[in-house]
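Residue numbers run from 1 in the order of the sequence given. Every value quoted in this text rests on a predicted model; they were computed, and no experiment measured them.
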Amino acid sequence: MTTLRTPGPTVGVVGGGQLGRMLAEAAAPLGVEVIVLDPTPDCPAAPVARDQIVAAFDDEAAIRDLATRADVLTFEIELADQRVLDRVSEETGTPVHPDPATLETIHDKLVQKRELEAAGVPVPPFRAVEDADDIRAAIDDYGAPVMCKARTGGYDGRGNVPVESKADAEDALESVAGPAMVESFVDFEREISVIAVKGEDEIATFPIGENVHEDEILRETIVPARSSEAVTERAHAVARDVLDVMDGRGVYGIELFETSEARSASDGSSGQGPREGDGEILLNEIAPRPHNSGHWTIEGAQTSQFEQHVRAVLGWPLGSTALRSPTVMTNLLGDVDEERPAQLSDLDEILETPAASLHWYGKRDARPLRKLGHVTLSAGDEDAAVEDLLETAREVESAVTFRS
């Protein structure tokens with residue numbers, strides 16, 4: 001067995017946004033240095049990373065430079081170019097985790113859904129879209145509404161257009177503005193997610209989070225999710241089935257729907273189909289990186305998703321994913337009407353709340369509904385009610401503003 005030593009290893013990260021920033025924060029106590037590549041000078045990760053290479057996400061020469069300075073490459077944004085990463089890895093011998101092949105699968109949602117369906121992962125009914133008639137045919141088969149999705153480029157809800165009727169098909173396709181697919185609309189009880197980690201020879205999953213979205217943007221994550229034990233077990237099983245399809249080490253954010261009722265037949269993917277009286281789990285989307293719905297793990301779990309990602313890509317043993325105590329995370333979004341310098345005011349209530357932890361992302365500009373930070377509320381008591389935490393989280397979030 002290889003002897004692990006620190007300090008020493010360096011992780012090169014394509015992308016230097018808030019996820020890169022939190023990766024660097026988690027890496028430092030381990031003695032691991034982080035170098036980020038991002039086109040924005042002095043990007044959010046720059047103040048805490050060892051160095052930044054200012055370059056586009058597909059700049060092959062710059063990524064090659066990053067690879068020569070790192071022991072392993074990873075990425076914190078889906079805009080990373082899988083073909084460039086493949087070539088650079090082959091030329092320099094620096095491994096990339098997760099594998100660029102996984103990025104290729106993730107980049108096209110239609111390819112993603114086809115591969116997962118073929119592997120037995122339960123997904124909503126879907127089909128490719130060439131023109132508006134295909135959307136109308138889907139409405140005939142699935143009923144209205146349906147969800148029209150951009151196959152590429154969309155993430156965090158971007159590129160998703162609900163189609164309420166056949167008359168809306170043309171407009172929906174124009175809004176997507178590119179290759180599209182359509183899915184049946186899922187009448188879900190709640191949206192949940194599993195942050196899963198693929199290590200060198202082990203897999204770990206964090207407790208399930210319940211996600212509250214508004215305008216396609218994640219507002220809050222509640223842990224543990226208010227789901228039954230059977231649904232929780234099923235969600236973990238589906239997450240593990242998803243990881244079987246993914247190549248390469250790292251953290252994966254797996255977004256799921258919990259439906260109100262189970263279908264009559266199990267998908268059979270893991271031998272643990274829906275049970276009578278419980279809802280069904282259907283896959284929504286996958287992010288091959290740390291995910292917004294896993295930010296609660298910094299305070300709420302024994303090991304954060306960011307430390308786990310660093311450990312995983314380096315091939316180090318994974319940490320414990322155990323829940324410390326019930327936890328709620330709320331995003332701090334730009335409450336402005338137009339772009340302006342990002343400055344958060346009226347912090348008193350957050351700072352005066354003993355259980356609250358503030359995370360600032362270091363972005364220079366506030367835009368409407370842009371994610372600029374988050375607040376975590378951890379109970380400190382495993383028997384605490386998440387409803388009380390959620391109420392407090394909403395109070396402290398509403399007390400701050402970017403407007404003044």
Side-chain angles (χ1 to χ4, degrees), residues 13-25 34 36-49 51-57 75-80 150 153-161 175-177 211-221 253 287 289-296 298-299 306 328-353 356-377 390 392-404:
V13 183
V14 178
Q18 68 261 28
L19 299 179
R21 182 185 181 103
M22 287 183 273
L23 278 171
E25 289 171 344
V34 168
V36 299
L37 181 149
D38 195 280
T40 303
D42 194 24
C43 65
V48 294
D51 197 7
Q52 177 189 355
I53 297 173
V54 181
F57 299 126
F75 43 87
E76 59 98 62
I77 189 167
E78 281 89 332
L79 295 177
Y155 63 97
D156 283 348
R158 299 175 180 88
N160 295 345
V161 181
S175 296
V176 169
N211 300 323
V212 178
H213 287 82
E214 186 179 329
D215 297 326
E216 302 291 342
I217 297 174
L218 179 64
R219 304 303 177 102
E220 299 155 345
T221 298
R289 53 167 172 77
H291 192 260
N292 191 181
S293 67
H295 291 354
W296 67 270
I298 298 174
E299 282 81 29
F306 298 102
V328 169
M329 185 278 299
T330 182
N331 278 324
L332 299 176
L333 307 177
D335 58 343
V336 296
D337 297 323
E338 57 186 22
E339 186 170 324
R340 61 187 297 171
Q343 187 171 50
L344 187 62
S345 300
D346 302 329
L347 298 178
D348 309 55
E349 188 155 354
I350 294 177
L351 300 179
E352 291 170 358
T353 301
S357 298
L358 171 65
H359 293 265
W360 176 249
Y361 295 162
K363 296 179 181 179
R364 292 180 181 154
D365 300 314
R367 296 195 290 268
L369 299 182
R370 188 185 195 192
K371 295 174 184 174
L372 297 162
H374 73 265
V375 176
T376 306
L377 272 293
L390 185 58
T392 303
R394 289 172 176 171
E395 288 173 356
V396 299
E397 186 276 331
S398 64
V400 297
T401 182
F402 293 93
R403 293 193 298 269
S404 58

Distance check, rounded to the nearest 0.5 Å: [X] atom [atom1] versus [Y] atom [atom2]?
X: Asn160; Y: Ser175; atom1: CG; atom2: OG; answer: 11.5 Å
X: Glu25; Y: Ile298; atom1: CD; atom2: CD1; answer: 7.0 Å
X: Thr353; Y: Leu358; atom1: OG1; atom2: CG; answer: 11.0 Å
X: Phe306; Y: Leu23; atom1: CZ; atom2: CG; answer: 6.0 Å
X: Asn211; Y: Asn292; atom1: CG; atom2: CG; answer: 8.5 Å

- request: Please step through side-chain contact (heavy atoms from CB on, under 4.5 Å) for the pair Val328 and Trp296, ending with a clear verdict.
  value: CA-CA 7 Å; Val328 169; Trp296 67 270; over 6 Å; no

Distance-only criterion, 3.5 Å: show the donor-acceptor pairs between side-chain atoms of residues 338-350 and protein atoms not counting sequence neighbours.
from: Arg340; atom 1: NH1; to: Arg403; atom 2: O; distance (Å): 2.8
from: Arg340; atom 1: NH2; to: Arg403; atom 2: O; distance (Å): 3.0
from: Ser345; atom 1: OG; to: Ser404; atom 2: OG; distance (Å): 3.2

| Geometric class of the Tyr361/His374 ring pair [parallel <30°, tilted 30-60°, perpendicular >60°] |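 Rings of His374 and Tyr361: tilted, as their planes differ by 30° to 60°.
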
Which heavy atom of [X] sits nearest to which heavy atom of [Y], and what is that distance?
X: Gly16; Y: Asp38; answer: N-OD2, 2.8 Å
X: Ala49; Y: Val36; answer: CB-CG1, 4.2 Å
X: Ala80; Y: Val14; answer: CB-CG1, 4.0 Å
X: Ser293; Y: His291; answer: OG-ND1, 2.8 Å
X: Phe57; Y: Gly15; answer: CE2-CA, 3.7 Å
X: Val375; Y: Ala356; answer: CG1-CB, 4.2 Å

request  = Compare all side-chain heavy atoms of Arg370 with those of Val336 and state whether any distance is below 4.5 angstrom.
outcome  = no

Within a strict 4.5 Å, meaning less than it, do heavy atoms of the Val13 and Leu19 side chains meet?
-> no

With no hydrogens and no angle check, is any side-chain donor or acceptor of [X] less than 3.5 Å from a backbone partner on [Y]?
X: Gln52; Y: Thr40; value: yes
X: Arg219; Y: His213; value: no
X: Glu76; Y: Gly20; value: yes
X: Asn331; Y: Leu218; value: yes
X: Lys363; Y: Lys371; value: yes

Practice task
Determine, for Asp42 against Arg364, whether the closest basic-nitrogen to carboxylate-oxygen distance falls under 4.0 angstrom.
Solution key: yes

Pair Arg394 + Glu220, salt bridge at N-O below 4.0 Å:
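Glu220 and Arg394: salt-bridged.
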
Would you please test Arg289 and Glu78 for salt bridge (Lys or Arg N to Asp or Glu O under 4.0 Å) and show each step? CA-CA 9 Å; Arg289 53 167 172 77; Glu78 281 89 332; 2.8 Å; yes

Point to revise | Sole candidate of Gln18, Arg21, Glu299, His295 that passes side chain to side chain donor-acceptor pair (under 3.5 Å) when paired with His359 | key: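 Filter result, single survivor: Glu299.
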
